[in-house]
Amino acid sequence: MEPLRFIHAADLHLDSPFRGIGEASAALRDQLQSATLNALSRVVDHTINSKADFLIIAGDIYDSKDRNLRALVSFRKEMERLAERNVPAFIVHGNHDPLNGWGSGFQLPSNVMVFGGHTDTEPYIRGGREAAGITG
């Protein structure tokens, strides 16, 4: 069996507001405000380009209980990019983005497994066999 390959990311804090950049140029402010979203895009690029079996995102995808709409839409778009290539994503939320709050029911593609409220293990199947158990 081929080696199992996966990408692990955590604490993305998507679209987290930067403070103290009022003196920066408009271009720099825009670049900083998009930095976390661009980082997620690069994580997904690497997951695809390295032919990883799956992506794990562990904790604090968003910056607060009430998610930012731009962050929600960007996250879904990146998960759809993985879905187009049949790459699963396993998600567990953290203390900054608990399972409840505005936007928590935002629809994600079927390749995304979101662990909720209790410890659970989800099998990763490759070639008809369980290649890994992902616990969240």
Side-chain angles (χ1 to χ4, degrees):
M1 180 180 271
E2 274 206 36
L4 187 68
R5 300 171 56 99
F6 67 93
I7 304 298
H8 180 279
D11 292 303
L12 296 172
H13 292 272
L14 295 178
D15 219 15
S16 180
F18 276 84
R19 291 164 180 70
I21 60 171
E23 300 298 317
S25 69
L28 179 57
R29 279 196 310 270
D30 289 344
Q31 188 176 12
L32 290 171
Q33 283 304 129
S34 297
T36 58
L37 302 177
N38 292 336
L40 172 62
S41 183
R42 289 191 309 272
V43 166
V44 170
D45 287 345
H46 184 63
T47 303
I48 292 166
N49 295 335
S50 68
K51 296 180 174 51
D53 291 289
F54 54 87
L55 170 64
I56 294 175
I57 302 178
D60 297 338
I61 297 166
Y62 305 103
D63 195 49
S64 71
K65 176 180 171 184
D66 295 324
R67 288 111 166 103
N68 171 302
L69 184 59
R70 182 170 97 147
L72 286 166
V73 170
S74 294
F75 187 74
R76 181 174 60 197
K77 182 184 111 196
E78 295 301 330
M79 295 304 101
E80 288 170 348
R81 287 179 55 213
L82 292 174
E84 289 167 1
R85 291 158 181 87
N86 297 315
V87 177
F90 298 92
I91 309 299
V92 65
H93 288 272
N95 64 317
H96 286 125
D97 62 351
L99 290 170
N100 58 6
W102 185 87
S104 59
F106 203 69
Q107 188 66 39
L108 294 171
S110 62
N111 65 311
V112 178
M113 165 50 184
V114 178
F115 291 96
H118 61 280
T119 304
D120 197 9
T121 299
E122 189 71 22
Y124 171 70
I125 308 297
R126 183 172 70 182
R129 295 178 38 195
E130 183 173 334
I134 293 89
T135 301

### Query
Are any non-hydrogen side-chain atoms of Pro109 and Arg76 less than 4.5 angstrom apart?
yes
### Message
Checking Val87 against Asn111 for the side-chain contact (heavy atoms from CB on, under 4.5 Å) test, could you report, in this order, the C-alpha distance in whole Å, the side-chain angles of both residues, the deciding distance, and whether it holds?
### Response
CA-CA 7 Å; Val87 177; Asn111 65 311; 5.6 Å; no
### Message
Please report the interatomic distance CD(Gln107) to CE(Met79), rounded to the nearest 0.5 Å.
### Response
14.0 Å
## Note on the structure
Distance col, row Asp53:CG vs Tyr124:OH, nearest 0.5 angstrom, shows 3.5 Å
### Query
Should Leu55 and His8 be marked as a side-chain contact (heavy atoms from CB on, under 4.5 Å) after you check the CA-CA gap, both sets of side-chain angles, and the distance that decides it?
CA-CA 6 Å; Leu55 170 64; His8 180 279; over 6 Å; no
## Note on the structure
dist Ile7:CD1 -> Ser50:OG (nearest 0.5 Å) comes out at 4.0 Å
### Task
Start with the C-alpha distance between Phe54 and Arg5, add both sets of side-chain angles, then the distance that settles side-chain contact (heavy atoms from CB on, under 4.5 Å), and finish with yes or no.
CA-CA 7 Å; Phe54 54 87; Arg5 300 171 56 99; over 6 Å; no
### Message
Restricting to non-hydrogen atoms, name the atom on Ala58 and the atom on Ala10 that form the minimum distance, rounded to 0.1 Å.
### Response
O-CB, 3.0 Å
### Task
Return yes if some donor-acceptor pair links the side-chain N/O of Arg126 with the main-chain N/O of Ala132 below 3.5 Å, else return no.
no
### Task
Find out whether Asp120 and Thr135 are in side-chain contact, i.e. whether some heavy atom of one side chain is under 4.5 Å from a heavy atom of the other.
no
### Query
If you round to the nearest 0.5 Å, how far is CD of Glu80 from CZ of Arg85?
12.0 Å
#### Entry: Trace of the side-chain contact (heavy atoms from CB on, under 4.5 Å) decision for Ile57 with Phe90
CA-CA 6 Å; Ile57 302 178; Phe90 298 92; over 6 Å; no
### Message
Assess whether a salt bridge exists between Glu84 and Arg81, defined as any Lys/Arg side-chain N lying under 4.0 Å from an Asp/Glu carboxylate O.
### Response
no
### Message
Can you tell me how far apart CG (Asp45) and CD (Glu78) are? Round to the nearest 0.5 Å.
### Response
7.0 Å
### Any donor-acceptor pair under 3.5 Å from Asp11 side chain to Asp60 backbone
no
### Closest non-hydrogen atom pair between Val43 and Ala9, with its separation
CG1-CB, 4.3 Å
### Message
What I'd like to find out is whether the side chain of Val44 reaches to under 4.5 Å of the side chain of Ser41, using heavy atoms alone.
### Response
no
#### Entry: Distance (rounded to the nearest 0.5 Å) between Leu108 CG and Phe75 CZ
6.0 Å
### Query
Above 12 or not: heavy atoms from other molecules or residues under 6.0 Å from NE2 of His46?
no
## Note on the structure
Taking every heavy atom of Leu82 against every heavy atom of Thr47, the minimum-distance pair comes out as CD2-CG2, 3.9 Å
